[in-house]
J.: 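Encoded as structure tokens, here's the structure I'll be asking about.
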Amino acid sequence: MGGTEWSHTGPYQRDLTVAFRQAQEETLAQDSHGFVGRSIEELWRDPEWQEYIFTGGTCTVLDFPLMIDAADTDDGPFMRPLTDDEVRAWAPQGRPTYEEWDDALDSERLAFPGRAQGNCTVLYRDGRPVKIGYWGVTADWRTAPLHGAAPQRFRW
């Protein structure tokens, strides 16, 4: 497989694309990775940013230029929300908590996507949406595990 697995949460918005952009903006404000003063859109038009992402990545939502539809099967680098059926496969009630999501990732009941791909889902507390859980795999080859070794995993 290769790449580095990562997971973190971001703010909830009813519109997942808006939530994704907000998470990207907040993440970029915390660390511009040396690309100061640029928007997400400007970064993704910059060949130097693309090279940075594809040869190392940030292990964050910044590794993806846009969110695609849950039913879209295109390869990355895209963020894709899970379908309802995909969520129910590891959270039968369909309203996963942070703890259920984290446990599903740890136990591999919820798989990480392929290299240069990300997934997301709404996370709930007391039946109410409170966060978006994001997880993905960087595009880089430099962090590929040795044969038989598990990939690295970062949590933010």
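Quick caveat, the model's predicted, so the values are computed rather than measured. The residues of the chain are indexed from 1 along the displayed sequence.
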J.: With a 4.5 Å cut-off on side-chain heavy atoms, are Thr9 and Ile132 touching?
T.: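 SC-SC contact between Ile132 and Thr9 ruled out.
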J.: Quick check against the 3.5 Å criterion: does Thr55 have a side-chain atom that pairs as donor or acceptor with the backbone of Glu51?
T.: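 Yes; at least one donor-acceptor contact below 3.5 Å.
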J.: Can you name the side-chain contact (heavy atoms from CB on, under 4.5 Å) partners of Asp69, sequence neighbours left out?
T.: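 Applying side-chain contact (heavy atoms from CB on, under 4.5 Å) to Asp69 gives Ala71, Asp72.
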J.: Going from OG on Ser7 to CZ on Phe112, what distance comes out if it is rounded to the nearest 0.5 angstrom?
T.: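 If I round to the nearest 0.5 Å, the distance is 5.0 Å.
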J.: How close do Trp101 and Thr121 get, heavy atom to heavy atom, and via which atoms?
T.: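 Smallest interatomic distance, heavy atoms only, reads CD1-CG2, 4.2 Å.
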J.: Decide side-chain contact (heavy atoms from CB on, under 4.5 Å) for Gln93 and Glu100; before the verdict, give the C-alpha distance in whole Å, the side-chain angles of both, and the deciding distance to 0.1 Å.
T.: CA-CA 11 Å; Gln93 83 288 7; Glu100 288 172 316; 3.0 Å; yes
J.: Would you say Phe54 ends up clustered with Leu43 if hydrophobic residues are merged whenever their side chains have heavy atoms under 4.5 Å apart, either directly or through other cluster members?
T.: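 Yes; tracing contacts between hydrophobic side chains, which count when under 4.5 Å, links both residues.
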J.: Would you confirm whether Gln117, through its side chain, and Pro77, through its main-chain N or O, come within 3.5 Å as a donor-acceptor pair?
T.: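 Checked: no pair found.
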J.: A side-chain contact here means heavy atoms from C-beta on lying under 4.5 Å apart; do Pro81 and Phe20 qualify?
T.: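 No, every pair of side-chain atoms sits at 4.5 Å or beyond.
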J.: Would you say Gln30's side chain and Thr27's backbone share a donor-acceptor pair under 3.5 angstrom?
T.: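 Side chain of Gln30 to backbone of Thr27, a donor-acceptor pair under 3.5 Å: no, none is there.
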J.: Would you say Ile68 and Leu66 make side-chain contact, with heavy atoms under 4.5 Å?
T.: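 A side-chain contact exists here, since the closest heavy-atom pair is under 4.5 Å.
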J.: If you look at every heavy atom in Trp49 and Leu62, which pair is closest and at what distance?
T.: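 Nearest pair, atom of Trp49 first, then Leu62: CZ2-O, 3.7 Å.
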J.: For the residue pair Arg80 and Glu86, establish whether any side-chain heavy-atom pair is separated by less than 4.5 Å.
T.: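 Sidechains of Glu86 and Arg80: in contact.
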J.: Any non-hydrogen side-chain atom of Met67 less than 4.5 Å from a side-chain atom of Cys120?
T.: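 Yes; the side chains approach each other to less than 4.5 Å.
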J.: Can you tell me how far apart CD (Glu99) and CG (Asp106) are? Round to the nearest 0.5 Å.
T.: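 So the gap between those two atoms works out to 12.0 Å.
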J.: Quick one: are Tyr98 and Arg125 in side-chain contact, heavy atoms under 4.5 Å?
T.: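 Answer no - side chains too far apart.
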J.: If the test is side chain to side chain contact (heavy atoms under 4.5 Å, CB included), which one of Asp63, Ile53, Thr60, Thr58 qualifies with Thr138?
T.: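 Single pass found, and it is Asp63.
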J.: State plainly whether one hydrophobic cluster holds both Tyr52 and Phe78, where clusters connect Ile, Leu, Val, Met, Phe, Trp and Tyr through side-chain heavy atoms under 4.5 angstrom apart.
T.: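 No, no single cluster joins them.
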J.: Applying side-chain contact (heavy atoms from CB on, under 4.5 Å), name anything that partners Glu48, two or more places apart in sequence or on another chain.
T.: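 Glu48: side-chain contact (heavy atoms from CB on, under 4.5 Å) contacts with Phe35, Asp46.
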J.: Could you pull out the closest heavy-atom pair between Leu82 and Trp90, with the gap in Å?
T.: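 Taking every non-hydrogen atom into account, CD1-NE1, 3.7 Å.
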J.: Run the side-chain contact (heavy atoms from CB on, under 4.5 Å) test against Arg88 and tell me which residues pass, sequence neighbours left out.
T.: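 Arg88 satisfies side-chain contact (heavy atoms from CB on, under 4.5 Å) with no other residue.
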J.: For the residue pair Val137 and Phe64, what are the closest heavy atoms and their distance?
T.: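 Looking at all heavy atoms of both residues, the shortest contact is O-CZ, 4.5 Å.
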J.: Sequence neighbours left out, what passes side chain to side chain donor-acceptor pair (under 3.5 Å) with Gln13? Give chain and number order.
T.: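 Once residues adjacent in sequence are excluded, the partners of Gln13 under the side chain to side chain donor-acceptor pair (under 3.5 Å) criterion are Gln22.
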J.: Please name the pair of heavy atoms, one in Ala19 and one in Pro11, separated by the smallest distance, quoted to 0.1 Å.
T.: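 Reported closest heavy-atom pair: CB-O, 3.6 Å.
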J.: Are Val87 and Asp85 side-chain neighbours, meaning at least one heavy-atom pair lies under 4.5 Å?
T.: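 A side-chain contact is absent here, since even the closest heavy-atom pair is not under 4.5 Å.
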J.: Hey, could you give me the CH2/CZ distance between Trp44 and Arg38, rounded to the nearest 0.5 Å?
T.: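 Reported to 0.5 Å precision, the distance equals 13.5 Å.
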J.: Quick test of your reading: applying salt bridge (charged side-chain N to carboxylate O under 4.0 Å, His left out), list the pairs with at least one residue in residues 9-31, sequence neighbours left out, ordered by first then second residue.
T.: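 Listed by first then second residue: Arg21-Glu41.
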J.: Can you name the salt bridge (Lys or Arg N to Asp or Glu O under 4.0 Å) partners of Arg109, sequence neighbours left out?
T.: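 Expected list: Asp103.
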J.: Minimum heavy-atom separation for Gly10 to Ala23, with atom names?
T.: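 That would be CA-CB, 4.5 Å.
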